[in-house]
Amino acid sequence: MNEVTVAMFVDGVEISRKDYENEQIADRIINSVNQEMVESGKGYIKWKKVMDN
């Protein structure tokens, strides 16, 4: 298991941070949220994978 932490940024400000079980789950969530944002006319959210060791 490769846990990954993902931070969400809006206008350069971190607004949330979440841990996911692995990279595939994180990517699915990111794509899903970005799709919803685009469909509602809000544009993309910037995401960054944060490495916690």
Side-chain angles (χ1 to χ4, degrees):
M1 284 271 187
N2 229 0
E3 196 172 88
V4 61
T5 303
V6 178
M8 179 196 298
F9 293 85
V10 174
D11 297 329
V13 179
E14 184 179 321
I15 61 166
S16 109
R17 189 176 278 217
K18 262 193 165 153
D19 294 327
Y20 296 101
E21 279 179 46
N22 61 50
E23 196 110 11
Q24 286 77 21
I25 292 172
D27 286 340
R28 250 202 321 272
I29 303 288
I30 290 168
N31 291 337
S32 167
V33 171
N34 275 337
Q35 187 67 38
E36 285 175 31
M37 294 298 285
V38 168
E39 285 170 6
S40 67
K42 293 188 176 103
Y44 287 101
I45 294 173
K46 289 194 172 33
W47 299 79
K48 186 169 145 196
K49 289 179 181 138
V50 182
M51 298 302 153
D52 287 333
N53 291 334

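From a predicted model like this one, the values you see are computed outputs, not experimental measurements. The chain is numbered in sequence order, starting from 1.
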side-chain hydrogen bond (donor to acceptor under 3.5 Å, both in side chains) with Asn31: which residues, sequence neighbours excluded?
none
My understanding is that only residues two or more places apart in sequence, or in another chain, count here; which of them pass side chain to side chain contact (heavy atoms under 4.5 Å, CB included) with Lys42?
Met37, Ser40
Please report the shortest heavy-atom distance between Thr5 and Asp19, naming the atom on each side.
OG1-OD1, 2.6 Å
Are Trp47 and Val13 grouped together when hydrophobic residues (ILVMFWY) are joined by side-chain heavy atoms under 4.5 angstrom apart?
no
Of all heavy-atom pairs linking Val50 and Arg17, the shortest is CG1-NH1, 3.6 Å
Let's go through Lys49 and Asp27 carefully: what are the C-alpha distance in whole Å and the side-chain angles of both, what is the deciding distance for side chain to side chain contact (heavy atoms under 4.5 Å, CB included) to 0.1 Å, and is it a yes or a no?
CA-CA 10 Å; Lys49 289 179 181 138; Asp27 286 340; 2.7 Å; yes
Hits for side chain to side chain contact (heavy atoms under 4.5 Å, CB included) against Ile29, two or more places apart or cross-chain, chain-then-number order -> Tyr20, Ile25, Val33
Interatomic distance, CD1@Ile30 vs NZ@Lys18, rounded to 0.5 Å, equals 11.5 Å
Under 4.0 Å between a Lys/Arg side-chain N and an Asp/Glu carboxylate O for Glu14 and Lys48?
no
